[in-house]
Amino acid sequence: MIVLGGSAGSHIGYELSEILGAGYQDVEVREFPDGELYVRIPADVGGADIVYVNSLAGRPNDLLVETVLTLKTLEDLGARTVYSVLAYIPYARQDSRFNPGEAVSALVVSELLKSLRVDRIYTFDLHLHRFRDPRELFGDVLVNLTAVRDLARYLRRYHELRDCVVVGPDEESEQWARTASEELGGVPYTTMEKRRISSTDVVVEPRDPDLVRERCAVVVDDIISTGSTIVETVRALRKLGVGDTYVAATHAILALGAYSKLAKLGLRDVVASDTVLSPISRVHVAPIVARHILGLEAPG
Ligand code: R5P
């Protein structure tokens, strides 16, 4: 087995190769002067079992093209099996035609990835709202893993978390709030009511004010992008007298100064996984992927 790391996946790929006892190589990726990408696989992959690792956040368009070029080349070069670990899959939030004429990007991207030769795609906490099960889009090739258990374990290990409630900022985060609550020993959980005004503005209101009033809160979400969702959730909780507040999210994209917004919130802690490398990425996902590749655990 050979593990190959794409330009945003080497930190996960290298750790994964160590756990699996497999060889590791970076895929060679360069940019031509005109902005096109050059991709070269620097290993003899003919007849080999390949795990390709990348994370398509931050520069989603380039990383998507890089991934397509790599996976197609693995097929051309005769790899025997290709497992693709795409720790963050972009475009999942545009999973409906909200306004006439819009591209349903989640559908387009899933079709594109499925058209490539992959025996399995592993990803983490794929954001799907209108599609409840990601396999509706990707089929059985997709294994949607979660980092939320490990994030909750991290918080439990380093903090006392006395009298805490787990809070998801919106309806679709219920699944992650429930998972975190289980991992924290069955503490209560709830979700907030979120209305998106624009890609940078949201309004968040409590659905269950009495449950959270004057307690400690662990806010759990899949993505921190601009940070608006977390900022507005924490503000709404503080109005209810919530004191100690912790935040955990799988993918810390941290666009548009989100990190400094989080820093100003006076949180007790904020933690993310390393699906997207960031200053708050303290939970590693490579061991989770390794357990699944080795068949030691079912997803979820
Ligand atoms: C969307 O509903 C997701 O679950 C996240 O809440 C959202 O993507 C976070 O985006 P932002 O940080 O820009 O508010």
Side-chain angles (χ1 to χ4, degrees), residues 55-60 86-99 102 104-107 109-110 123-134 137 144-149 151-152 166-181 189-207 212 217-238 245-265 267 269-273 275-281:
S55 178
L56 317 189
R59 299 174 289 118
L86 303 179
Y88 178 79
I89 296 182
Y91 290 104
R93 286 176 287 178
Q94 183 78 26
D95 62 355
S96 182
R97 185 164 288 122
F98 302 102
N99 296 296
E102 286 179 352
V104 184
S105 314
L107 203 58
V109 168
S110 67
T123 194
F124 280 87
D125 296 313
L126 185 62
H127 181 94
L128 287 177
H129 185 191
R130 262 83 16 195
F131 296 87
R132 279 290 165 188
D133 183 342
L137 278 178
N144 188 26
L145 302 171
T146 186
V148 169
R149 287 192 187 285
L151 290 165
V166 178
V167 179
D170 49 26
E171 194 194 338
E172 59 265 36
S173 60
E174 197 260 356
Q175 54 188 306
W176 300 301
R178 184 173 5 99
T179 302
S181 130
Y189 69 92
T190 182
T191 56
M192 308 284 273
E193 190 87 50
K194 178 169 100 178
R195 256 183 317 116
R196 188 163 278 289
I197 313 293
S198 70
S199 52
T200 52
D201 287 312
V202 294
V203 174
V204 179
E205 280 160 7
R207 220 186 276 266
V212 289
V218 176
V219 179
V220 180
D221 206 1
D222 56 342
I223 302 171
I224 305 177
S225 182
T226 65
S228 303
T229 297
I230 295 297
V231 168
E232 293 309 318
T233 301
V234 171
R235 276 192 193 141
L237 291 172
R238 295 257 162 89
T245 311
Y246 303 83
V247 170
T250 300
H251 309 290
I253 295 178
L254 304 186
L256 300 180
Y259 182 65
S260 51
K261 284 189 212 161
L262 294 174
K264 287 182 196 140
L265 280 179
L267 301 168
D269 203 355
V270 49
V271 61
S273 83
T275 55
V276 183
L277 265 188
S278 78
I280 59 169
S281 298

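The figures that follow rest on heavy atoms only: side chains count, while hydrogens, waters and symmetry mates do not. Whatever order the structure lists them in is the order used to number ligands and atoms, beginning at 1.
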Is there side-chain contact between Ile224 and Val247, with at least one heavy-atom pair below 4.5 Å?
-> yes

Look at atom 5 (C) of ligand 1 and say which protein heavy atom is nearest, naming residue and atom and giving the distance to 0.1 Å.
-> Asp221 OD2, 3.3 Å

For ligand 1, which atoms, with element, lie under 4.0 Å from some heavy atom of Glu172?
-> 2 (O)

Report yes or no: does Arg149 contribute a side-chain atom to a donor-acceptor pair with the main-chain N or O of Ala152 at less than 3.5 Å?
-> no

Which of the numbered atoms in ligand 1 are below 4.0 angstrom from a heavy atom of Arg93?
-> 7 (C), 8 (O), 10 (O)

Provide the number and element of each atom of ligand 1 under 4.0 Å from a heavy atom of Asp222.
-> 3 (C), 4 (O), 5 (C)

Among protein heavy atoms, which sits nearest to atom 10 (O) of ligand 1, and what does the distance come to when rounded to 0.1 Å?
-> Arg196 NH2, 3.5 Å

Any donor-acceptor pair under 3.5 Å linking the side chain of Asp221 with the backbone of Ile230?
-> no

Tell me: protein heavy atom nearest atom 13 (O) of ligand 1, and distance?
-> Thr226 OG1, 2.6 Å

Expected output: side-chain Thr275 to main-chain Thr250 donor-acceptor under 3.5 Å = yes

Atoms of ligand 1 under 4.0 Å from any heavy atom of Thr229, numbered from 1 in the order shown, are 6 (O), 9 (C), 10 (O), 11 (P), 14 (O)

Closest approach of any protein heavy atom to atom 1 (C) of ligand 1, naming residue and atom = His127 CE1, 3.4 Å

Find all atoms of ligand 1 within a distance of less than 4.0 Å from any non-hydrogen atom belonging to Gly227, and give their numbers and elements.
-> 11 (P), 12 (O), 13 (O)

Would you confirm whether Asp95, through its side chain, and Arg130, through its main-chain N or O, come within 3.5 Å as a donor-acceptor pair?
-> yes

With a 4.0 Å heavy-atom cut-off (strictly under), which part of Ile230 contacts ligand 1: side chain, backbone, both or neither?
-> neither

What is the closest protein heavy atom to atom 9 (C) of ligand 1, and at what distance does it sit?
-> Ile223 O, 3.4 Å

Could an N or O of ligand 1 be found under 3.5 Å from any N or O of Trp176, whether backbone or side chain?
-> no

Would you find a donor on one side and an acceptor on the other, under 3.5 Å apart, between the side chain of Ser228 and the backbone of Thr200?
-> yes

Is the backbone N or O of Asn99 less than 3.5 Å from a side-chain atom of Glu102, with the two atoms forming a donor-acceptor pair by type?
-> yes

Between Ser281 (side chain) and Ser273 (backbone), is there a donor-acceptor pair under 3.5 Å?
-> yes

